[in-house]
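Below is one structure, written out as C-alpha cells; the observations come after it.
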Protein chains: 2
Amino acid sequence: MTNVPTQLGRRGPYAKSAERRRAIIDAAYSVFGSRGYQGGSLQEVANLVGMSQTSLLHYFPTKSHLLVAVLNRRDSVSRDGSPPPAEETMAESVLRQAAFNETHPGLIELYTILSAETLTNNHPGREYFADRFAGLRIDYAASFAELESRGMLRPGVDPSVAATALVALWDGLQLQWLHSPGEVDVVAVLGSYLDLVILPGE
Amino acid sequence: MTNVPTQLGRRGPYAKSAERRRAIIDAAYSVFGSRGYQGGSLQEVANLVGMSQTSLLHYFPTKSHLLVAVLNRRDSVSRDGSPPPAEETMAESVLRQAAFNETHPGLIELYTILSAETLTNNHPGREYFADRFAGLRIDYAASFAELESRGMLRPGVDPSVAATALVALWDGLQLQWLHSPGEVDVVAVLGSYLDLVILPGE
DNA sequence: GTCTATACGCTGATAGAC
DNA sequence: GTCTATCAGCGTATAGAC
C-alpha cells in the first residue's frame, strides 16, 4: 500500500527548490560583496535569506560551492540592464557597461574584492579570475585588431597591449572609485583613454 | 637595597625590543601578503618569528595595530633598492619602480590584496589606501602638469586625468600579472601608455 | 618579556529527529 | 526540507606565574 510518487506530482517541489537556491545566491552575493568571501559567514547569509545555517548547507554542501554559484551568477546580473543596442561601437559598449556598473556598487565591490582575495593561498575562486581576465584580453584584442584593420587604431598601438591596458585601467579605476567615489570618474577616464587610442571614424 | 636602574644600562633592552618589533613586522608582512589580513592569523605570524602568540601581543596590542605597522613599513622597503638616480624623468621613475616591484612579488601581492580587502566593512586599514591613492593622484598630476608646461604632454590630455589613469593602470596591471605572471608584462604596457601620453623631448 | 593556561566567540560542517 | 543540537577547530585577546 505504499504510494508510488508519480513523475507529474514532482514538478512543484523542484520549482520551489530552484527559487530557494536563487534566494540564497542573492543573499550570498550581498554578504560576500560587503565582507569578502573569507570575511562573510554562512550564518549571515542564512539570516539574510531567513533560514537556518544548516538548511543552507542542504542546498550548497560547502561554502566553496556557494562561492562558485555566486561567481557564475554574474552573467544573469549584467543582463538585467537595458537590452544591448544592436549597432554599437566597442568603445560605446565599454562606456555603457561602465556607466551601468556605477549604478550597481555592490556588483563592482564584489568583483573587486574577490579578484584580489582569490590571490590568497588555496582560494576556491582562484581559476575563475585568471580565466576571466584572459578571456577579456582576448575579446578586446580582437576588437582592437578589427579597428586596426579599418585604420581606426592609432599607429604604433598594439591591439593586445591596448586590450590588456583597457582591462587593467577599468579595474584600477573601479578600485579607486570604490575608495573615493566622489574623486574618481570611471567613465570619463576610460573615455579619455579610448579617445586617445581610437581614431575618429570616417 | 633595591637597585636603581641607570639610564645608561637601559639602552640594551630598548635596542633588542626594536629588533623584535621589526622581526614581527617582517613576518606579518609575509603572512598578510600571502593570506590577506582577515585570512592571516597572529599564530602564524608568531610561529614564523619563533615566539608565542601572546608574546607577540606584547609588542602589538591588537591585530589591527600590527596591520598599521605593516602598512607603514612600505616606505622603508621601497627604499631598499638601488639609490634613486638624481636626474630621472617621471616616466623613467615609474618604469624603474615597476621593474623593481616585479622582483618583489610579495610586496605587490600584499598591497594588491589589502587595497581591495580594505573595502570590506569596518576594515582597520580603510583610510590608508584612500589617502595613498589620493596622494599618488596629486603627485602624478603635478608631474604631468610640469610636462605640459614644457609642451611635452600630448595636446588634449588633462594632467589630473592622466594621473588617475596611470595609477589605475598600474594597479590593474599588477593584479592581472599576479593572476597570470607569464601573460602580462607590466613594464611594457605601462611604458606604452606613457609613450602615448608624453611627447618625445627636444 | 616570555611563557602557559584559558576565556570566549565564531567558524564550517555533521547527525539525526520530525 | 527544515530544524535543533552538537561537534571540533581556530580566532583574538586576557590573566597571571615566572
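The chains referred to below are lettered A, B, ... by the order of the sequence lines, with proteins before strands, and numbering in each begins at 1.
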Assess the side chains of A:His65 and A:Thr62: does a donor N or O sit below 3.5 Å from an acceptor N or O? yes
Between CD of A:Gln43 and P of D:dC10 the distance, given in whole Å, is 21 Å
Considering only heavy side-chain atoms of A:Thr54, the closest of C:dG12, C:dA15, D:dT2 is C:dA15
B:His65 NE2 to D:dT12 P, in whole Å, measures 15 Å
*Distance only, no hydrogens: is a donor on one side chain within 3.5 Å (strictly under) of an acceptor on the other, for B:Gln97 and B:Ser93?*
yes
Heavy atoms only, 4.0 Å cut-off, all strands: where does B:Gly40 land among base, sugar-phosphate and nothing? sugar-phosphate
inquiry  = Please determine whether a side-chain nitrogen or oxygen atom of B:Ser17 lies at a distance below 4.0 Å from atom OP1 or OP2 of C:dG1.
reply    = yes
message = Does B:Leu42 reach a base, just sugar-phosphate, or nothing at all? Heavy atoms under 4.0 Å.
response = sugar-phosphate
A:Phe60 atom CZ is separated from C:dT14 atom P, nearest whole Å, by 16 Å
Q.
Measuring to OP1 and OP2 of C:dC3, would you say a side-chain N or O of B:Ser52 lies under 4.0 angstrom away?
A. yes
Against the side chain of A:Lys63, the closest entry in C:dT14, C:dG12, C:dC3 is C:dG12
Of the listed D:dT2, C:dT2, C:dA13, the closest approach to the A:Thr62 side chain comes from C:dA13
Open item on the list: Taking any heavy-atom pair under 4.0 Å as a contact, classify B:Ser41: base, sugar-phosphate, or nothing.
Closed with: sugar-phosphate
A:Gln53 CD to C:dA15 P, in whole Å, measures 14 Å
Closest to the side chain of A:Leu57, out of C:dA13, D:dG1, C:dG1, is C:dA13
- Query: Can you tell me if the side-chain N/O atoms of A:Ser55 get under 4.0 Å from OP1 or OP2 in D:dC3?
  - Reply: yes
Given the options B:Ile198, B:Leu199, B:Val157, B:Val197, B:Leu147 meets side chain to side chain contact (heavy atoms under 4.5 Å, CB included) only with B:Ile198
Taken to the nearest whole Å, CD/B:Gln38 to P/C:dG12 is 12 Å
To the nearest angstrom, the CD-C1' distance between A:Glu44 and C:dG12 comes to 15 Å
Whole-Å distance, B:His58 NE2 to C:dT4 C1', equals 16 Å
Quiz prompt | A:Glu127 atom CD: more than 12 heavy-atom contacts under 6.0 Å | solution = no
Separation of D:dG11 atom P from B:Tyr37 atom OH, nearest Å, is 13 Å
Practice problem: State, with a plain yes or no, whether a side-chain heavy atom of A:Leu175 is found less than 4.5 Å away from one of A:His179. | Solution: yes
